[in-house]
Amino acid sequence: MTTDTADTPDTPDTPDTPDTPDTPDTPDTFETSETSEASETSETSTEPTVATGPATDYTVGPVAAALDILLEFENGQRELRVADIARRIGVTRNKAFRLIKTLESRGFLQRIGDHYRVGSRLLTLSEVAVQPIEALRAAAQPELETLQAQTNETVYLLAPLGMEAICISRIESTHSLRISVDVGKKRPLNAGAGQKMLLSGQDEQRLTQVLRHRGPAFTEHTITDEAELRRQLEEIRQRGYSLSLGEVDAGAGAVAAPVYDYSGDMIAALVIGGAMSRVSGNVEGAWRDSVVSAAHRISATLGYPQK
């Protein structure tokens, strides 16, 4: 019996374009709340040159400035406005706005009202910078061990990876009839308790992509109707946990709860799964309560503010 997890389409690289001198051009369209900050084209101050060091230093000014924006969030600052960023990195607001919009378009920054914060795209770089995933695993490990000891069922952690979910940690049940989930295994986001939990936290653009490219049903219980799946996802958001009864394996069921990071992004789903013969009365009872509580504790460890 296997469970669900998931694979991302690679984001195409954007070709490098040569730097052009800064002119006071404003972007074609602004959100209203940003216009006053970004469109101050009458600024008379000269934009400082980004330090490049010795003549042999091949630093690219705009790239360095964009990275400086991201580094500003290392200082414990969770959200910044365009004006704040411009002042901190020493560029005009117009330049800061364009840099911010470029980072936002790639998912490295996320707009919240008239402020910006680090975007979840940075998590997708975990293959070359594994620290975030290792931090998540370390925070989750004690809870995985406790849940497995309490239930003697397979418990595992899924993380979003593009249009799929990937298993990043698990402890298996000792029952002879059990769910088996391999670390590193990927599954589509549209079926299974953990996968649907993660899908419920995606934005509309990603949700539409997932639904458009969903594959055939795993079992007769896999939800294939888009309207029904959307209804279920809204229900999952409202109640704060997700269920699966035979959606991926007809003989297995599971319950999942969301894990959030310090910024409030859903970065993982904690799942308990077992044979259908042991699921009845548990997925909406003891298992549900245990997995929801454990996911809350993991989120708190990662800095998510508790309500």
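Atom set for the values below is all heavy atoms of this structure, side chains included, hydrogens, waters and symmetry mates excluded. The structure presented is a predicted model; accordingly, all values stated were derived computationally and were not measured.
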Where Ala193 and Leu243 come nearest, the two heavy atoms and their spacing: CB-C, 3.9 Å
Side chain of Thr224, backbone of Ala217: donor and acceptor closer than 3.5 Å? no
Can you name the closest pair of heavy atoms from Phe73 and Leu109 and give their distance? CE1-CD2, 3.8 Å
Taking side chain to side chain donor-acceptor pair (under 3.5 Å) as the definition, give me every residue that meets it alongside Glu204, ordered by chain and number, with sequence neighbours left out. Thr208, Arg230
Minimum-distance pair of heavy atoms, taken over all atoms of Ala256 and Val291: C-CG1, 4.4 Å
Between Asp289 (side chain only) and Ala286 (backbone N and O only), is there a donor and an acceptor less than 3.5 Å apart? no
Where the side chain of Gln148 meets the backbone of Glu172, is there a donor-acceptor pair that is under 3.5 Å apart? yes
Cluster question for you: counting only ILVMFWY and a side-chain heavy-atom cut-off of under 4.5 Å, with indirect links fine, are Leu270 and Val183 together? no
Counting distance only, does the side-chain N/O of Arg137 pair as donor-acceptor with the main-chain N or O of Ala139 below 3.5 Å? no
Chi angles and distances behind the salt bridge (charged side-chain N to carboxylate O under 4.0 Å, His left out) call for Glu234, Arg231: CA-CA 5 Å; Glu234 181 56 34; Arg231 186 196 67 76; over 6 Å; no
Hey, does the side chain of Asp261 reach the backbone of Ile267 with a donor-acceptor pair shorter than 3.5 angstrom? no
Under the side-chain contact (heavy atoms from CB on, under 4.5 Å) test against Tyr156, which residue among Leu144, Val181, Ile171 passes? Val181
Are the side chain of Ser299 and the backbone N or O of Tyr260 linked by a donor-acceptor pair below 3.5 Å? yes
Taking atom CG of Leu70 and atom CG of Leu103, what is their separation to the nearest 0.5 Å? 5.0 Å
Step by step, work out the side-chain contact (heavy atoms from CB on, under 4.5 Å) result for Leu229 and Leu211. CA-CA 9 Å; Leu229 184 53; Leu211 295 179; 3.2 Å; yes
Determine yes or no for a side-chain-to-main-chain donor-acceptor pair under 3.5 angstrom, with Ser200 supplying the side chain and Ile236 the backbone. no
Salt bridge between Glu153 and Arg278, side-chain N to carboxylate O under 4.0 Å? yes
Hey, is the main chain of Ser263 close enough, under 3.5 Å, to the side chain of Arg117 for a donor-acceptor pair? yes
When rounded to the nearest 0.5 angstrom, what is the spacing between CG in Leu80 and CD1 in Ile85? 5.0 Å
Gap separating the OG1 atom of Thr219 from the CD atom of Glu247, nearest 0.5 angstrom: 7.5 Å
Between Ser290 and Trp287, is there a donor-acceptor pair closer than 3.5 Å when you use the side chain of the first and the backbone of the second? no
For the pair Arg93 (side chain) and Ala83 (backbone), establish whether a donor and an acceptor sit closer than 3.5 Å, ignoring hydrogens and angles. no
Is there a donor in the side chain of Gln209 and an acceptor in the side chain of Arg206, or the other way round, less than 3.5 Å apart? yes
